[in-house]
Amino acid sequence: MENNAQLLYNVLLEKPMTRRMAATKIGYPDQTYMVTQLVKEWLDLGIAQVIGRIKCNRSGRYAEAVTTNRKYFTANIQQSLFDL
């Protein structure tokens, strides 16, 4: 799972997206549950942040846009687990 965690982190660092879009991008189409717990933990720890709502290209609905890129954060909260 750590490999998937790093991949997910990098995907959310590259571009804010919904959980479903991120799951698809890392190779789990229609398996959003593979990323939701990790994203929730990161949100609680301040590693990721919800920055608004976007239209999901997978569901066609508006959903939370999540990012791990601190330049989009409303406030710098904590260091990332994966930053060196």
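Keep in mind it's a predicted model, so treat the numbers as computed, not measured. Residue numbers run from 1 in the order of the sequence given. Hydrogens, waters and symmetry mates are skipped; everything else that's a heavy atom, side chains included, is used.
- Scanning both residues, P29 and T24, for their nearest heavy atoms gives CA-OG1, 3.8 Å.
- Atom-to-atom distance recorded for R53:CZ and Y62:OH is 9.5 Å, nearest 0.5 angstrom.
- If you check the side chains of N10 and Q6, you find a donor sitting under 3.5 Å from an acceptor.
- Between atom CE of residue M34 and atom CG of residue N4 there is a gap of 6.0 Å, rounded to the nearest 0.5 Å.
- A donor-acceptor pair under 3.5 Å is formed between the side chain of Q49 and the backbone N or O of T74.
- The line from OG1 of T68 to CG of L13 is 4.5 Å long, rounded to the nearest 0.5 Å.
- No donor-acceptor distance shorter than 3.5 angstrom exists from the side chain of R19 to the backbone of T36, with no hydrogens or angles considered.
- Counting side-chain heavy-atom gaps under 4.5 Å among Ile, Leu, Val, Met, Phe, Trp and Tyr, the cluster of Y72 also holds I51.
- Taking CG of L8 as the start and CG of N3 as the end, the distance is 12.0 Å to the nearest 0.5 Å.
- Residues T18 and V66 have side chains not in contact (no heavy-atom distance under 4.5 Å, counting atoms from C-beta outward).
- Atom CG of L12 and atom CH2 of W42 lie 6.5 Å apart (nearest 0.5 Å).
- Taking every heavy atom of both residues into account, M21 and K55 meet most closely at SD-O, 4.4 Å.
- Atoms CE and CG, on M17 and N57 in that order, are 8.5 Å from each other to the nearest 0.5 Å.
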Determine whether R20 and D30 satisfy the following criterion, salt bridge (charged side-chain N to carboxylate O under 4.0 Å, His left out), listing intermediate values before the conclusion.
CA-CA 7 Å; R20 183 173 286 193; D30 300 322; 5.5 Å; no

